[in-house]
Amino acid sequence: MSVRVRMAPSPTGLLHIGGVRTFLFNWLFARGRSGECLLRIENTDTGREVAEAVEQIERSLHWLGIDWDGETTFQLDRLERAQEEARRLVAEGSAYEDEGAIRIRMPDEGVTSWDDAIKGRIEFPSAELEDLVLVRSDGRPTYNFASPLEDWLDGITHVIRGDDHVSNTPKQLHVLRALGAEPPVYAHVPSVFGEDGRKLSKRHGAISVDEFRSAGYVPEALMNFLALLGWAPDGETTIMARDELVERFTLERVGSSPATFDYAKLDWMNGVYLRALAPDEYAERLREYVLGQGFDWPEDRVSAAAPLVQEKIARLGEFPAFAGFLFQDVEPDPALLDAGVLGAAEEALGETVPWAVEAIEATLKQLCDELGEKPRAVYLPIRVAVTGSRVSPGLYESLELLGKETSLERIAAARAAA
RNA sequence: GCCCCCAUCGACUAGCGGCCUAGGUCACCACCCUUUCAAGGUGGCAGCACGGGUUCGAAUCCCGUUGGGGGCACCA
């Protein structure tokens, strides 16, 4: 039997990174086994908010590189079928009506158990189980009925979901049994925490896929990082491209303890991916990013700035602060300026021809000799004058790209302000 | 309160009874390189939650304790 899994988000708010990690595991599992991966929205109502949320979810998954088979389906679409099945169960005696609702009979003794693909054997005393409501008095099926029902109807072979569903599983197992369905393999993936060991939330930083995108993370890095959150192919490998992840992923190697989301490590990994990009590819991503963030900076100049920053920044989101001086005026801190150095620099650079990295470098090195100063002492005030910061891309390249005229203007203005 | 799950460096993890003097990666520290910042190189710091067993031998198996998480809805 071929593998079929499903990603089942609820259409509320933005796609949470913890949920995405669960979807990623589903996707990796299916793709590595030539299986199918469905997208099913677990909605309890419809409306414009839902439609927008679904669109948002699809866009986020698409950006990340997670795809799905067939049309997106909606739980609510099977409302009638659910009611039908519930009535059938009543007719068969495994369920009964209770004040307008339909409840399923749960066993009073024994244990309900299954072999979880991640956590191993799990057993619940059946006495813990209440007769759960299948269909509410208003006719809507409950989650614990609709979900296993749809898994069955969709031919889902493996249910890979967050471990907050562990205690729902025995209930769903009984629903399936009453329905006459063969239960799928269950795999409960541990949750993801924020750095304080609490549930990942807003105050930890980015949590939705959208936020990671606008912070300037690239999808390949985010996918690689997420895959490693709770899973490892061995003790050594860290950087893995999409195909390698697909090839190597197994549920057996998903750990059973919760993982903490480490933003610093994600930053590092994002930098690794960013640096590995071919220069023109990097420039293209940078352009898309800058544009997407709403900056109306000239694209050719952004492209020209790309090589200056590729080695330097770990997130595209650092670009505006790091290289913004190429696109807008600066306000240097007078305390870091040095009128003497700036005056000499203005004069020397004024005669630099052509205005290119080699000539600029030669000019500045000579300036150091003439002033009898270390490059450190000479370059700082110039850097601050031109870029407005003591941290910037390479000075020669920055001057070249900024252009002679603007560079000299800024140096002159800074000299006056010093 | 009851039920279920989890427990290796600060973080992600490798380890599935002897290859462990517990390995890798991030972070951190030091040094090197260097026009700043990065990147890169070298070295370093740091861990089997605790207590009992089982065994010739335990990070690995069993029990308990503690700690964390999840659940106990006509929510999903």
Side-chain angles (χ1 to χ4, degrees), chain A residues 8-12 42-44 75 98-103 111-113 116 118-120 122-130 132-147 161-171 188 190-193 195 197-199 225-239 252-253 255-269 271-272 274-275 309-314 318 322 336 360-361 364-365 368 374-384 387 389-399:
Chain A
S10 20
T12 48
E42 311 229 293
N43 60 324
T44 46
Q75 193 162 85
D98 175 32
E99 302 195 28
I102 295 177
R103 287 182 185 270
V111 293
T112 305
S113 65
D116 197 276
I118 291 173
K119 294 182 184 274
I122 299 180
E123 299 186 341
F124 278 82
S126 298
E128 291 293 314
L129 277 18
E130 309 251 299
L132 79 98
V133 170
L134 264 23
V135 177
R136 301 176 176 90
S137 46
D138 68 2
R140 287 153 56 230
T142 58
Y143 168 79
N144 277 316
F145 180 49
S147 187
R161 63 193 352 179
D163 72 354
D164 48 328
H165 287 293
V166 166
S167 52
N168 284 328
T169 307
K171 302 172 191 171
H188 288 96
S191 37
V192 179
F193 293 139
E195 257 135 13
R198 317 232 34 168
K199 240 176 155 176
F225 177 79
L226 252 21
L228 252 20
L229 214 52
W231 171 79
D234 53 53
E236 318 294 309
T237 321
T238 24
I239 301 297
E252 291 68 49
R253 291 197 65 88
S256 46
S257 53
T260 303
F261 198 101
D262 184 354
Y263 289 89
K265 188 164 186 174
L266 207 213
D267 280 1
W268 164 78
M269 192 173 282
V272 169
L274 244 23
R275 272 175 256 121
V309 304
Q310 184 166 12
E311 288 278 313
K312 310 262 183 183
I313 62 178
E318 293 170 49
F322 193 67
L336 298 172
I360 293 169
E361 177 172 2
L364 292 180
K365 287 202 162 141
C368 292
K374 295 261 189 202
R376 197 177 211 83
V378 177
Y379 288 19
L380 177 71
I382 302 175
R383 183 186 303 281
V384 171
T387 72
S389 167
R390 54 201 308 171
V391 177
S392 80
L395 186 54
Y396 315 137
E397 293 81 0
S398 295
L399 286 166

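Each chain gets a letter, A, B and so on, in the order the sequences are listed, and its residues count up from 1. This structure is a prediction, so every number in the text was calculated from the model and none was measured.
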Which nucleotide in the list [options] gets nearest to the side chain of [X]?
X: P125(A); options: C4(B), G24(B), U35(B); value: C4(B)
X: K171(A); options: C72(B), G70(B), A39(B); value: C72(B)
X: I122(A); options: G24(B), C4(B), U35(B); value: C4(B)
X: E397(A); options: U35(B), A38(B), C6(B); value: U35(B)
X: V391(A); options: C12(B), C4(B), U36(B); value: U36(B)
X: S191(A); options: C6(B), G69(B), G10(B); value: G69(B)
X: P375(A); options: U35(B), A76(B), A11(B); value: U35(B)
X: S392(A); options: C26(B), A7(B), U36(B); value: U36(B)
X: W268(A); options: A76(B), C12(B), C26(B); value: C26(B)
X: T142(A); options: C5(B), C74(B), C3(B); value: C74(B)

Partner lookup for [N], please. Criteria are Watson-Crick or G-U wobble with both distances under 3.5 angstrom; report none if nothing qualifies.
N: C2(B); value: G71(B)
N: U42(B); value: A30(B)
N: U60(B); value: none
N: A14(B); value: none

To the nearest Å, how far apart are [X] [atom1] and [N] [atom2]?
X: M269(A); N: U13(B); atom1: CE; atom2: P; answer: 12 Å
X: H188(A); N: C3(B); atom1: NE2; atom2: P; answer: 20 Å
X: L364(A); N: U36(B); atom1: CG; atom2: P; answer: 14 Å
X: Y379(A); N: C37(B); atom1: OH; atom2: P; answer: 15 Å
X: R161(A); N: G71(B); atom1: CZ; atom2: P; answer: 13 Å
X: D163(A); N: C3(B); atom1: CG; atom2: C1'; answer: 15 Å
X: L336(A); N: U36(B); atom1: CG; atom2: C1'; answer: 12 Å
X: K374(A); N: U36(B); atom1: NZ; atom2: C1'; answer: 16 Å

Reckon [X] has a side-chain N or O less than 4.0 Å from the OP1 or OP2 of [N]?
X: R253(A); N: C12(B); value: no
X: R140(A); N: C74(B); value: no
X: S167(A); N: C4(B); value: no
X: R376(A); N: U36(B); value: yes

I'd like the [atom1] distance from [M] over to [N], given in whole Å.
N: U42(B); M: G47(B); atom1: C1'; answer: 24 Å
N: G41(B); M: C50(B); atom1: C1'; answer: 42 Å
N: A46(B); M: U34(B); atom1: C1'; answer: 30 Å
N: C2(B); M: C45(B); atom1: C1'; answer: 45 Å
N: U25(B); M: C72(B); atom1: P; answer: 43 Å
N: U13(B); M: G52(B); atom1: C1'; answer: 29 Å
N: G71(B); M: G53(B); atom1: C1'; answer: 32 Å
N: G23(B); M: C48(B); atom1: C1'; answer: 13 Å

Do the side chain of K312(A) and the base of C37(B) come within less than 3.5 angstrom through a donor-acceptor pair of N or O atoms?
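Yes, the side chain and the base share a sub-3.5 Å donor-acceptor pair.
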Does any donor-acceptor pair link the side chain of K365(A) with the base of U35(B) at a separation under 3.5 Å?
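Check fails, no donor-acceptor contact within cut-off.
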Heavy atoms only, 4.0 Å cut-off, all strands: where does [X] land among base, sugar-phosphate and nothing?
X: L380(A); answer: nothing
X: E42(A); answer: sugar-phosphate
X: N43(A); answer: nothing
X: F261(A); answer: nothing
X: D267(A); answer: nothing
X: A101(A); answer: base
X: N168(A); answer: base

[X] side-chain N/O to [Y] backbone N/O, donor-acceptor pair under 3.5 Å:
X: T237(A); Y: P233(A); value: no
X: T142(A); Y: V133(A); value: yes
X: S10(A); Y: T12(A); value: no
X: N168(A); Y: K171(A); value: no

Is there a side-chain contact between L336(A) and R390(A), using heavy atoms and a 4.5 Å cut-off?
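Side-chain contact under 4.5 Å: yes.
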Most 5' of S256(A) and E130(A) on RNA chain B, judged by nearest nucleotide
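Result: S256(A).
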Residue closer to the 5' end of RNA chain B, T238(A) versus G394(A) (nearest nucleotide)
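Nearest nucleotide further toward 5': that of T238(A).
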H188(A)/T169(A) under side-chain hydrogen bond (donor to acceptor under 3.5 Å, both in side chains): CA gap, chis, key distance, verdict:
CA-CA 10 Å; H188(A) 288 96; T169(A) 307; 3.1 Å; yes
Can a donor-acceptor pair be found between the side chains of S398(A) and S392(A) at a distance below 3.5 Å?
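No, no side-chain donor-acceptor contact under 3.5 Å.
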Heavy-atom closest contact (S147(A) atom, E42(A) atom, distance)
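Looking at all heavy atoms of both residues, the closest pair is OG-OE2, 3.9 Å.
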Can you name the closest pair of heavy atoms from Q310(A) and L274(A) and give their distance?
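Heavy atoms of Q310(A) and L274(A) come nearest at NE2-O, 3.0 Å.
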